[in-house]
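The structure displayed is predicted, hence computed values, not measured ones. Naming: A, B, ... by sequence-line order, numbering from 1 per chain.
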There are 2 protein chains.
Amino acid sequence: MTQIAPPNSPTISDDIYHLIKQDIIKGKFSPGAKLAIKEMCARYHVGNSPLREALTKLAATGLIQQQNQRGFRIPLISGKDLADICDSRIHIEVAALKMAIAKGDDYWEAQILAQFHQLQKCQQQEDVDQAEWESRHSRFHNALIEACDSPSLLGFCNILHDQFDRYRRLAPTDLKIRAELDAQHREIMQLSIAREATKAGELLAEHIKLSARAAMAMFGNR
Amino acid sequence: MTQIAPPNSPTISDDIYHLIKQDIIKGKFSPGAKLAIKEMCARYHVGNSPLREALTKLAATGLIQQQNQRGFRIPLISGKDLADICDSRIHIEVAALKMAIAKGDDYWEAQILAQFHQLQKCQQQEDVDQAEWESRHSRFHNALIEACDSPSLLGFCNILHDQFDRYRRLAPTDLKIRAELDAQHREIMQLSIAREATKAGELLAEHIKLSARAAMAMFGNR
DNA sequence: ATTTACAAGAATATCGATATTATAACAAGC
DNA sequence: GCTTGTTATAATATCGATATTCTTGTAAAT
């Protein structure tokens with residue numbers, strides 16, 4: 001009995017879902033901007049239905065807002081919102097990291113090393129490819145928690161990551177802070193593989209806070 | 001300057017989203033069942049587009065599964081999945097409760113008392129109205145954490161609640177356990193209003209575990 | 001008997017057009 | 001001048017039909 005791998009083609013809906021999602025995270029739409037259906041159809045060369053499905057899906061993850069009979073908008077930004085995303089990320093991602101440290105196997109350790117290496121290589125370039133860095137950075141953070149074996153926590157982490165990234169790209173990160181963040185990456189990796197759950201968790205919390213600081217500076221209060 | 005309240009009519013898409021969501025939670029579809037587009041359109045008396053948007057949204061929250069070119073399915077159930085949902089709920093809902101206890105004001109306290117009272121009244125009936133009980137039970141749990149002032153955590157709690165409820169309704173809860181769960185409700189309420197964050201959190205964790213036990217008994221292993 | 005190839009059928013996903021609702025512009029009344 | 005009411009316009013949401021993809025059944029080949 002040979003279980004043949006199913007074909008499973010992509011759909012337009014799914015393709016532009018990822019496209020639009022990335023564009024939002026990249027900041028190609030300004031906060032509060034209206035996403036007019038017709039314009040979006042023209043921009044992404046798709047019809048009504050798949051576009052709306054993609055937008056609906058994005059609205060479900062909080063990356064855009066939907067109002068009945070009034071279409072879709074890019075959410076406004078605020079210090080309060082960022083603080084919320086940051087705090088939630090700390091709660092959930094730290095929990096996931098601790099679980100991963102408890103459950104992770106050799107493959108998990110290897111993947112962390114591998115992704116860290118790729119991130120390093122990317123950063124040593126003369127002019128860093130932003131898109132590539134973002135991708136590798138995400139993969140590194142994901143590798144840390146992937147072994148937590150909790151689909152729901154991982155899903156929430158992804159949602160929060162996306163929302164967090166939109167903020168992070170609004171404010172260019174200072175070089176000094178960038179170096180510090182990178183040092184934290186190394187430390188978190190080492191502590192995780194050494195199974196120092198508590199210390200690793202604390203450092204990850206610090207790391208997230210520091211990441212948020214640059215964007216946070218754009219808002220006076222919370 | 002009189003800021004008039006906007007009209008904001010409902011949409012078919014939004015209406016059936018809630019309808020289908022409740023039907024899934026109520027267990028009207030068996031795990032693994034295929035949700036054929038045409039049949040669903042007939043069943044809910046709606047067209048193609050709003051139905052697909054509703055299903056897409058539900059897929060984004062994990063209440064149904066979507067596969068490209070292969071439509072939508074009700075997720076299978078498993079002890080592993082339930083354990084994951086349960087654990088995540090504990091992580092996130094306990095965190096939210098502690099935040100709420102730290103930030104809650106008089107209104108928060110009053111709402112908890114009010115929702116608890118309504119839940120009690122409902123339970124003292126001869127034959128409990130299941131739908132009404134579910135609604136009041138949800139509102140009580142929500143009242144506890146609402147003051148946490150974190151939209152993202154509250155959103156995740158709702159998602160997990162929905163998934164959890166589907167499992168809970170699969171197995172009828174033993175009367176003895178039911179009484180115990182209700183005693184916990186009262187205790188959690190009291191500890192919360194007394195601002196005993198740690199104790200309240202621990203008890204909420206116990207409460208969630210106990211709720212899951214009945215459904216968990218349906219699966220031998222994890 | 002098992003696998004492979006192909007064709008018919010069914011289902012999903014998408015398009016183009018329409019109906020419904022919100023928005024904007026403008027006139028009338030206080 | 002400001003509010004209120006009305007109409008024209010534009011946008012969203014929905015429908016019905018079509019194209020594309022998967023699935024099933026049958027026949028040929030190894």
### Task
Any salt bridge (charged side-chain N to carboxylate O under 4.0 Å, His left out) involving residues 14-25 of chain B? Give me the pairs, sequence neighbours left out, ordered by first then second residue.
B/Asp14-B/Lys57, B/Lys21-B/Asp162, B/Asp23-B/Lys28
### Task
Please work out which residues in residues 47-58 of chain A have a non-hydrogen atom less than 4.0 Å from an atom of DNA chain C and list them by number.
A/Gly47, A/Asn48, A/Ser49, A/Pro50
### Query
Listed by chain and number, what are the side chain to side chain donor-acceptor pair (under 3.5 Å) partners of A/Glu146, not counting sequence neighbours?
none
Might you list the N or O atoms of the protein lying below 3.5 Å from N or O atoms in nucleotides 7-11 of chain C, with each pair's distance?
none

### Query
Is A/Arg73 reaching over with its side chain to a backbone N or O of A/Gly32, donor-acceptor style, under 3.5 angstrom?
yes
### Query
How would you list, by chain and number, every residue that makes a side chain to side chain contact (heavy atoms under 4.5 Å, CB included) with A/Ser135, sequence neighbours excluded?
A/Arg139
### Query
Which pairs, with at least one residue in residues 149-172 of chain A and sequence neighbours excluded, count as a ring-ring contact (aromatic ring centres under 6.0 Å, His included)?
A/His141-A/His161, A/Phe156-B/Phe156
### Task
Provide the full list of salt bridge (charged side-chain N to carboxylate O under 4.0 Å, His left out) pairs with a residue in residues 29-39 of chain B, sequence neighbours left out, each pair given once.
none
### Query
To the nearest angstrom, how far is B/Leu35 atom CG from C/dT12 atom P?
9 Å
#### Entry: Axis bend over the full length of the helix from C/dA1-D/dT30 to C/dC30-D/dG1, computed from five pairs that close each end, to 10 degrees
20°
### Query
Of A/Gln66 and A/Pro10, whose closest DNA chain D nucleotide lies nearer the 5' terminus?
A/Gln66
### Task
Measure from NE2 on B/His45 to P on D/dC15 and round the result to the nearest Å.
12 Å
### Task
Go through D/dT14, C/dA13, C/dT14 for me and flag the one nearest to the B/Ser13 side chain.
D/dT14
Using distance only, find each side-chain donor-acceptor pair of residues 108-117 of chain A under 3.5 Å and give its atom names and separation, not counting sequence neighbours.
unit_1: A/Trp108; atom_1: NE1; unit_2: A/Ala143; atom_2: O; d: 3.1
unit_1: A/Trp108; atom_1: NE1; unit_2: A/Leu144; atom_2: O; d: 2.9
unit_1: A/Glu109; atom_1: OE2; unit_2: A/Arg195; atom_2: NH2; d: 2.6

### Query
What nucleotide among C/dC15, D/dT23, C/dT21 has an atom nearest to a side-chain atom of A/Ile12?
C/dC15
### Task
Report yes if at least one side-chain N or O of B/Ser9 is closer than 4.0 Å to OP1 or OP2 of C/dA22; otherwise report no.
yes
### Sequence-distant partners of B/Glu132, side chain to side chain donor-acceptor pair (under 3.5 Å), two or more places apart
B/Arg136
### Message
Please determine whether a side-chain nitrogen or oxygen atom of A/Arg70 lies at a distance below 4.0 Å from atom OP1 or OP2 of D/dA13.
### Response
no
#### Entry: Contacts of B/Gln118 that satisfy side chain to side chain donor-acceptor pair (under 3.5 Å) - sequence neighbours left out
none
### Query
Is any side-chain N of the basic residue among B/Glu93 and B/Lys98 closer than 4.0 Å to the acidic one's carboxylate O?
no
### Task
Could you state the atom-to-atom distance from CZ of A/Phe72 to C1' of D/dT12 in whole Å?
9 Å
### Query
To the nearest angstrom, how far is B/Arg73 atom CZ from C/dT12 atom P?
10 Å
#### Entry: Set of side chain to side chain contact (heavy atoms under 4.5 Å, CB included) partners for B/Ser138, sequence neighbours left out
B/Asp165
